[in-house]
Amino acid sequence: MTSQTFVHDFGLAVRQLREARGWSQEMLAAHSDLHRTYVGEVERGLVTPSLITLHKLASALGIKASELLSRTDQIAALRATQYLRLTAIAC
């Protein structure tokens with residue numbers, strides 16, 4: 001997995017958890033003391049969040065930072081599985 005793929009998967013994990021709570025980006029931004037546009041950039045994988053941002057987002061979502069990273073790993077594993085399936089179909 002490349003660094004850019006990891007950043008994208010992290011953003012997807014944040015978005016999924018935010019949406020599961022029924023929150024807007026504005027609500028997550030307010031709970032995490034981040035700017036709304038920055039939360040959007042994180043979710044789209046356009047920026048590489050710092051450890052402090054990881055902590056702020058996880059705390060706002062009511063989970064541990066390790067759980068947020070674990071969710072990111074799950075997304076990466078699913079992406080790899082789907083890639084393998086598509087590769088098998090193409091053969």
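Note that the structure is a prediction, hence the values are computed from the model and not measured.
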* **Short side-chain to backbone donor-acceptor contact, Thr81 and Ala77, under 3.5 Å** =>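 Indeed, once roles are kept as given, a pair shorter than 3.5 Å links the two residues.
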* Which residues share a ring-ring contact (aromatic ring centres under 6.0 Å, His included) with His31, sequence neighbours left out ->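 Residues passing ring-ring contact (aromatic ring centres under 6.0 Å, His included) with His31: Trp23.
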Look at the side-chain heavy atoms of Ile, Leu, Val, Met, Phe, Trp and Tyr, link any pair under 4.5 Å apart, and say whether [X] and [Y] land in one connected group.
| X | Y | value |
| --- | --- | --- |
| Leu17 | Val39 | yes |
| Leu34 | Leu54 | yes |
| Ile63 | Leu69 | yes |
| Val47 | Val14 | yes |

Locate the shortest heavy-atom distance separating [X] from [Y]; write the atom from each residue and the value.
| X | Y | answer |
| --- | --- | --- |
| Val7 | Gly45 | CG1-O, 3.7 Å |
| Thr5 | Arg79 | CG2-NE, 4.1 Å |
| Ser24 | Arg18 | O-CD, 3.5 Å |
| Leu57 | Leu68 | CB-CD2, 4.3 Å |
| Phe10 | Val42 | CE2-CG1, 3.9 Å |
| His35 | Ala29 | C-CB, 3.9 Å |

* Evaluate the side-chain proximity of Ile75 to Gln16: yes if any heavy-atom separation is below 4.5 Å, no if none is. =>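 Gln16 vs Ile75: side chains touch.
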[atom2] on [Y] to [atom1] on [X], rounded to 0.5 Å:
| X | Y | atom1 | atom2 | result |
| --- | --- | --- | --- | --- |
| Leu61 | Glu67 | CG | CD | 10.5 Å |
| Leu46 | Tyr38 | CG | OH | 10.5 Å |
| Glu26 | Leu28 | CD | CG | 10.0 Å |

